[in-house]
S.K.: 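Before anything else, here's the structure in question.
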Amino acid sequence: MYHGADHLRAFVPDDCSGQVSSKYLVESVVDRVKIQAVLDLGCGTGDSVDFFRKAAPNSIWIGIDLAASPEVDGRTRKNINLCSYDGIHLPIRDNAFDLVYFHQVLEHVHEPYRLIEEIGRIMRPGGFLVGSVSHLEPFHSLSISNFTPYGLSLLLGHGGMRLVEIRPGIDALCLLIYRASGKILPLKRYFSRFFERESPFNRLVSIVGRFAGKSHQETNLIKLL
């Protein structure tokens, strides 16, 4: 029905069709398995430590990022476990983490296929890689590429992993307006909320999907495609 949908259908859930964030996906994992060690890849300011202290309070959190970036340069946090890397080689032993987390990171990576091999190396058997990408977000913070859902499945396979589930996040139209708002702070603040909650366009797709009798999976596919 939708061009390219056959490549995604096995990974797209049918339980609900709401927009989600990377934190929602983390919560779905920690509800099912015990997480002992978490790596925030591309941790930036390190703010995710607060979320993981609540979501997985008995786990060890470590953040890793480049030695310098706009986000790292703005970091003010102290007394958290942080380290740096060169963008490819992770200075971490094999099988060290149950969960590797990233939030809008892969579009900034120069050699994602080499990095994904490293991620596969440091993950414990049965571990999870959970995160989000800014698909079609305009240039931001030294970004260099965008990943499609199908592209993500190929990337994960290269690292010895398999895509289990993919859900829609903030839509491209909302991202365009958010970036175009520039220094118009009221407009920027208004659209920034849609990283964590259903955007107007995604809400419209959900409403139309319900009236058209679409399943949750079909609605998710429309949002993703």
S.K.: Between F195 and Y178, is the ring centre distance below 6.0 Å?
M.R.: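 Judged by ring-centre distance (under 6.0 Å), F195 and Y178 do meet the cut-off.
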S.K.: Are any side-chain N or O atoms of R75 and backbone N or O atoms of G44, one a donor and one an acceptor, separated by less than 3.5 Å?
M.R.: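 It does hold such a pair.
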S.K.: Looking just at side-chain N and O atoms, do S22 and Y101 make a donor-acceptor pair shorter than 3.5 Å?
M.R.: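 Result is yes, a qualifying pair exists.
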S.K.: Tell me, please, which residues at least two apart from R193 pass side-chain contact (heavy atoms from CB on, under 4.5 Å).
M.R.: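 Result, side-chain contact (heavy atoms from CB on, under 4.5 Å) vs R193: Y190, R197.
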S.K.: Using distance alone, with no hydrogens and no angle criterion, decide if Q19 and N202 have a side-chain donor and acceptor under 3.5 Å apart.
M.R.: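 On atom types as modelled, these side chains qualify, holding a pair under 3.5 Å.
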S.K.: Looking at H158, I want to see if its NE2 is surrounded by more than 12 non-hydrogen atoms of other residues, nucleotides or ligands under 6.0 Å.
M.R.: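 Yes, the 6.0 Å shell around NE2 holds more than 12 heavy atoms from other groups.
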S.K.: Can you list everything that forms a side-chain contact (heavy atoms from CB on, under 4.5 Å) with P57? Sequence neighbours excluded, please.
M.R.: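 side-chain contact (heavy atoms from CB on, under 4.5 Å) list for P57, sorted by chain: empty.
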S.K.: Could I get the full list of side-chain contact (heavy atoms from CB on, under 4.5 Å) partners for I207, not counting sequence neighbours?
M.R.: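 Result, side-chain contact (heavy atoms from CB on, under 4.5 Å) vs I207: R203, R210, F211.
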S.K.: In terms of side-chain heavy atoms, does D171 have a donor or acceptor partner in S199 at a distance below 3.5 Å?
M.R.: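 Yes.
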S.K.: Side chains of Q104 and S132: donor-acceptor distance under 3.5 Å anywhere?
M.R.: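 There is such a pair between these side chains.
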S.K.: Tell me whether the count of non-hydrogen atoms from other residues, nucleotides or ligands lying under 6.0 Å of CZ in F11 goes above 12.
M.R.: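 Yes.
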S.K.: Under 4.0 Å between a Lys/Arg side-chain N and an Asp/Glu carboxylate O for R114 and E117?
M.R.: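 Result for this pair is no, no salt bridge flagged.
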S.K.: To the nearest 0.5 Å, how far apart are CD1 in I80 and SG in C43?
M.R.: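 These two atoms lie 6.5 Å from each other.
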S.K.: Could you go through the salt bridge (Lys or Arg N to Asp or Glu O under 4.0 Å) check for E218 and R9 one step at a time?
M.R.: CA-CA 9 Å; E218 292 293 328; R9 198 174 298 276; 2.8 Å; yes
S.K.: Is the closest side-chain donor-acceptor distance between S206 and K223 under 3.5 Å?
M.R.: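 K223 and S206 do have a side-chain donor-acceptor pair below 3.5 Å.
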